[in-house]
Amino acid sequence: MADFTKPYDPQKVENEIYKKWLESGYFNPDNLPVAKSYPSAGGLKAKSYVIMLPPPNVTGSLHMGHALNATIQDILIRKKRMEGYKTLWLPGTDHAGIATQNVVEKKFKKEGISRHDLGREKFLEKVWEWKEEYGNKILDQLKRIGASCDWSRTRFTMDDNYRKAVEEAFLHYYKKGLIYQGERVINWCKRCQTSLSDLELEHEEEKGKLYFIKYPIVKNSKLQDYIIVATTRPETMLGDTAVAVNPNDERYKDLVGKKLILPIVNREIPIISDDAIEKEFGTGAVKVTPNHSIIDSEIADRHNLPRVTIINAYGKMTDDAGKYFAGLSTQDAREKVVTELEKQNLIEKIEERAHRVAKCYRCASVIEPQPSKQWFLKMNELAEKTKKAIEDGNVRFNNERWKKISLDWLSSIRDWCISRQIWWGHRLPVWFCQNQTGISNSQFLISKQFKNKNLSDEHSVVSIKQPKECPFCDGCQMKQSEDVLDTWFSSALWPFATLGWPDKETKDLKEFYPTQVLSTARDIINLWVLRMIFSSIEFMDGQMPFAKVIIHPTVLAKSGQRMSKSLGTGVDPLDLIEKYGADATRFGLIYQMMGNQDMKFEESHLLAGKKFANKLWNISRFVLQKTGDNFYYELPKENDPKSGNYDALDGHEGDSLLKKLSMTIEYANKDIDNFDFGQALHTIYDFVWHDFADKYIEESKSKDTNDVKIVLSHTLINILKLLHPFMPFITEEIWSELPIKDKKLLIVSNWSNN
RNA sequence: GCACCCUUAGCGCAGUGGUAGCGCGUCACAUUGACAUUGUGAAGGUCGCAGGUUCAAUCCCUGCAGGGUGCACCA
């Protein structure tokens, strides 16, 4: 029971209201009144409205971005539910391969146990235990802010059925010839001991040194004595097999084709020309280290250069680096190389220089590019189709800016490295002959030349189940690849794998696919959004996974910095909910969401939200007191003999309020539908506080006519509805106090029939 | 390097080719009246800087400065 004698206390109300909603079953679309009006599957279908919650990582806990995003989605879902759509907001979590494995590894490290001590099977058991215990924490936190997800449909990216989807997708791409195994230099995290895709790197500006090193030219009296190359990583020179210059660089024109002596190593290496080299950088001459730089590797491919691997998977120098360096860390090797070069007077100069270092997005270790055999998904064709879908407007972003970012990425895309050398994730459905290769892991390469290999060359087959017989030998037990797939490979299937795909006939898939809106953060546009689009093109017959994409503003600290735990700039939304209530937290976030790419978080808006909740509370109390037994649920219709009062409304001072109310409703509707949530909330706020409370209610105190009661009841009902998507708890609570016959919960009341 | 965004009151942000607004904060007054999580009122802005277009620019254009973001093969 609402206690109107006291100020509004969200803590007392919110849990009770949420329980009420859960008991009602209305979060599940199958229980909605609209589902009941279309009982037979064969007949007319109720119109559905579906949003897939971007599955948070199981390791996650709610941050401001989640809170904002959840509020946005809840606003849309609640409005559509009230409008009579069969609404589904499907929640779930992502197994988050590397992130989760790291968390569990860390936990055991404290006890001095490594994952290798436990072994794969045992370790995975522990990860599952961890997931069962902590993995749903973030979903419970979403409940606190009022998210009306259908919890009965909660999915996890490693559920049994989801696993089927992932395997099916892999098989599909493979049969189409889009998945292949390739040898190349990839991004390697030496701490996580796995490959990473280009998108899983973070670049950080660091102070470093640029070394200018002289490489002597093989004797020729007419030419200069040496070429100077600039590098930030002198130790990699031990693996150099060429020096490259731009073809149009006049300075080096006569030198192309000549040979150099690689210092220390004393290897003869050629001078080559390649378009990838910029004349302006450094000296315009670049050392080429094919096995420890992705770009250099590509240059090496174009010029058929030999490859030398001088750094191993743990970031230590190999035997091929020479006996003086073998076993050293790259840092120690660098110092030793520089000392040696100085001794030989081969260092021209050393400049201080800020440069960007690629780091692992999960553990922040410096990336050590490594030659390796990995699995790739060909991107050209998929990217082209995705581009077309976006250009044709089959998927629309809430801002052109995001469209452009997407198209840019799709235009300069490389094949996607989808294999990872970790344990937690979906294992590749690839099986190896034990007598021929025996290798079941993407291995670290020391080969001098790279190839793309056919599976049959590798004595392996792609199969979801373990093959009964090995096609390559007599009766070996084929062994499954030890590799797992990139987490994002499975996330990319989220919009349909959650609805039962690869079974195309499930009731949910038929009824709820495609979805209407995807709302997410901008840093995963490429990582996730675009991959969902091409996955849907491939697996759902070209049908887009969602019609519209909302990229919401990034919530920054007031200083303009990113919110982060390590910087101490983070704000915990749960603390805010504790302090102001969920409604006020939602209000505060949305109130400052005005369409820019960032929003600097300002806590005072939450205070405004709390005050506003209280204002609404008191408005309601006043209206109920004033109307007493004459609370009008419906506005009397014109010419209705029972309500001759209505005529009197024309020209009544309440008439202008009602006009303003209809305008507010109209604008708010339009703004919500355009995803201008902040604008909508401002409009409603201004009407409620300034037009309704400050003016009309003040004036109404001195009047006691039936007209006034009609206007008061009618306006209250409408602002409760209008505000429900934004502030669901308090509006539902007040609604429960209104004297209305055959009253439904506000959550399923009609959006617009008053 | 390329592209994009932002710069308006102490703070966070709206807004418009012609008297500049909201929330929080500040100040004054009011107060057992739905609500002090209140009401009424006030102070506070040459709308980043410099040019240009225009009868008129905070708004359109150009340049500059500061802040931010995305992308890229910065060796």
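So you know, we letter chains A, B, ... as the sequences are listed, proteins then strands, and number each from 1.
Remark: A:Phe612 pairs with A:Phe587, A:Tyr685 by the ring pair (Phe, Tyr, Trp, His ring centres under 6.0 Å) rule, at least two apart or across chains. Taking A:His63 as the reference, A:His66 meet the ring pair (Phe, Tyr, Trp, His ring centres under 6.0 Å) condition, with sequence neighbours excluded. Remark: A:Asp629 engages no residue in a side-chain contact (heavy atoms from CB on, under 4.5 Å) (not counting sequence neighbours). In this view, A:Lys209 satisfies the side-chain hydrogen bond (donor to acceptor under 3.5 Å, both in side chains) rule with no residue, not counting sequence neighbours.
Looking at A:Glu698, its side chain comes within 3.5 Å of the base of B:A34 through a donor and an acceptor atom.
Within 4.0 Å of A:Phe612, counting heavy atoms only, lies no atom of the nucleic acid at all. Counting non-hydrogen atoms under 4.0 angstrom, A:Ala693 reaches a base of the nucleic acid. A:Asp694 comes within 4.0 angstrom of sugar-phosphate atoms only, judged by non-hydrogen atoms across all strands, and of no base.
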So what's the dot-bracket for RNA chain B: Watson-Crick or G-U pairs under 3.5 Å, [ ] if a pair crosses, | if it pairs off-strand?
-> (((((((..((((....[..)))).(((((.......))))).....(((((..]....))))))))))))....
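Contact between the side-chain N/O atoms of A:Lys701 and the OP1/OP2 oxygens of B:A34 is found at a separation under 4.0 Å.
In the set B:A34, B:C71, B:A75, B:A34 carries the atom at the smallest distance from any side-chain atom of A:Arg621.
Ring pair A:Tyr8/A:Trp617: centre-to-centre distance below 6.0 Å.
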Which parts of nucleotides 1-11 of chain B does protein reach within less than 4.0 Å, heavy atoms only, written one letter per nucleotide 5' to 3' as B for base, S for sugar-phosphate only and - for none?
-> --SSBS----B
